[in-house]
Amino acid sequence: MDVRAPEIADFARYRVEPGERFSIADTDPSDIDSFDDKDEVVTQVDGLVAQIADLQERLYAEEKRSLLLVLQGIDAAGKDGTVKHVLRGTNPSGVRVYSFRQPTSEEAAHDFLWRYHQATPADGTIHVFNRSHYEDVLVVRVRELAPEELWRSRYDSINDFERMLVREGTTVLKFFLHISPERQLEKFRERLERPDKYWKWSDNDIKEREHWDEYQRAYEDAVNATSTPWAPWYVVPSDHRWFRNYVVARVLAATLAAMNPRFPAPPEEIKAFAERELGAAR
């Protein structure tokens, strides 16, 4: 059975086509396409948020398919902000967000995909992985938590896992939020200086920043190895929050629109009952 992601024209330039060689050095994290009016883009995002909310309600009511939204990016890339802004109009009954941190002893005793599989979406729902199964080919690689032979073999396991999800009715949408080291440092300073941001601060962020080049190589290899016909990657320029939100919202809205979820029609016996009872009431 051949499985493919929906053909989405919106921002196809940011999609890594299968077989296409993605180079992180050739990708500008400050790109804003041809837009120079931030306020206009923010207004468009508001419209996209409303469209996403409507389509999510239809998906939830239809209860036949699901969507998995994967957000990856280095510390301060904007994963939390993307969830906050792009999904703010959705119904919490049909949307769940999962953040995966260091595995528990029980999780570590299973195969690396075990804990992620339990969090995949049921029919009718959207699940967001704020960090995901890709941590096991990123952090594990950079921090040398597993031998290369093991973490490299996980690319194939991830591709098989995502292909299975798509075959079973889950659309997998993956975004790599790409920021520059200069922008990351600005956001770290913001976390230290603003009382409403300090809670995000972690001493570990600075330690991980020391491995910037290694993480860039790890992301580049992971994207190239796992951008498939059924679950392609989108590499989103993320130095500007407003443009990051716009790209993600537009691709998500277009993906849901291509899925074309519909409110279910009432069964014939219910229609007949309603017509009979309503007719009698008249």
Side-chain angles (χ1 to χ4, degrees), residues 2-18 33 41-73 78-98 116 119-130 132 161-177 227-238 241-265:
D2 183 37
V3 290
R4 301 184 66 86
E7 293 294 329
I8 306 298
D10 294 66
F11 283 120
R13 59 179 293 202
Y14 298 119
R15 186 173 61 234
V16 178
E17 301 295 346
D33 197 19
V41 173
V42 170
T43 299
Q44 289 191 43
V45 170
D46 290 341
L48 290 166
V49 165
Q51 183 182 0
I52 290 167
D54 174 67
L55 289 164
Q56 181 259 322
E57 183 180 13
R58 294 169 184 269
L59 183 73
Y60 187 61
E62 182 188 68
E63 204 175 357
K64 291 182 179 180
R65 295 164 293 167
S66 59
L67 187 143
L68 176 61
L69 179 61
V70 175
L71 297 176
Q72 281 291 155
K79 298 177 290 294
D80 290 341
T82 298
V83 173
K84 177 180 178 180
H85 291 284
V86 174
L87 295 171
R88 67 181 185 267
T90 56
N91 187 335
S93 296
V95 179
R96 297 286 186 276
V97 181
Y98 295 85
Y116 305 107
T120 55
D123 286 346
T125 64
I126 296 174
H127 283 191
V128 181
F129 283 4
N130 181 345
S132 67
F161 172 60
E162 292 174 352
R163 187 170 191 173
M164 179 273 295
L165 292 177
V166 173
R167 280 175 167 161
E168 295 293 325
T170 298
T171 295
V172 180
L173 194 54
K174 303 184 298 193
F175 295 101
F176 166 41
L177 307 183
S227 199
T228 59
W230 52 91
W233 277 100
Y234 286 84
V235 178
V236 182
S238 299
R241 292 184 177 101
W242 56 273
F243 188 70
R244 175 203 70 207
N245 294 338
Y246 180 56
V247 174
V248 174
R250 188 163 171 179
V251 174
L252 175 56
T255 300
L256 285 167
M259 292 172 68
N260 193 25
R262 302 186 179 189
F263 291 118

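Note that this is a predicted model, so its numbers are computed, not measured.
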Is there a side-chain contact (heavy atoms from CB on, under 4.5 Å) between R96 and T125? Walk through the geometry before answering. CA-CA 8 Å; R96 297 286 186 276; T125 64; over 6 Å; no
Step-by-step side-chain contact (heavy atoms from CB on, under 4.5 Å) determination, V16 to F176: CA-CA 10 Å; V16 178; F176 166 41; over 6 Å; no
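The aromatic rings of H127 and Y98 are tilted relative to each other, their planes meeting at an angle between 30° and 60°.
Among all heavy-atom pairs drawn from A53 and G89, the shortest one is CB-O, 3.3 Å. Smallest separation of non-hydrogen atoms from N245 and G81: OD1-O, 4.2 Å. Nearest approach of L67 to M259, heavy atoms of both residues: CD1-SD, 3.9 Å. When all heavy atoms of P261 and L55 are compared, the pair lying nearest together is CG-O, 3.6 Å. Here the closest non-hydrogen pair linking V45 and Y246 is CG2-CA, 3.7 Å. Here the closest non-hydrogen pair linking W230 and E162 is CD1-C, 3.9 Å.
Put simply, CZ on R58 and CG on L256 are 11.5 Å apart, with the number rounded to the nearest 0.5 Å. To the nearest 0.5 angstrom, I52 atom CD1 is 6.5 Å from L87 atom CG. We find the CG-CZ distance between L165 and R167 to be 11.5 Å, quoted to the nearest 0.5 Å. Remark: T82 OG1 to R241 CZ distance equals 10.5 Å, nearest 0.5 Å. Between atom CG of residue L59 and atom CZ of residue R262 there is a gap of 13.5 Å, rounded to the nearest 0.5 Å. Taking CZ of F243 as the reference point, atom CZ of R250 lies at 9.0 Å (rounded to 0.5 Å).
Within the structure, salt bridge (Lys or Arg N to Asp or Glu O under 4.0 Å) contacts touching residues 82-91 (residues at least two apart or in different chains) are D46-R88.
A donor-acceptor distance shorter than 3.5 angstrom exists from the side chain of S227 to the backbone of W233, with no hydrogens or angles considered. Here the side chain of S238 pairs a donor or acceptor atom with the backbone of V236 at under 3.5 angstrom. Listed for the E63 side chain is no donor-acceptor partner under 3.5 Å among the backbone atoms of D123.
Taking 4.5 Å as the limit, every side-chain heavy atom of Y60 sits out of range of all side-chain heavy atoms of V95. Looking at heavy atoms from C-beta onward, T120 lies out of side-chain contact with T170 at the 4.5 angstrom threshold. At a threshold of 4.5 Å between non-hydrogen side-chain atoms, the residues T171 and R65 do not count as touching. Counting heavy atoms from C-beta outward, V248 and Y234 have side chains that stay 4.5 Å or more apart.
Few gaps surround OH on Y14; more than 12 heavy atoms of other groups in view lie less than 6.0 Å from it.
For E57, the side-chain contact (heavy atoms from CB on, under 4.5 Å) criterion is met by F263, not counting sequence neighbours.
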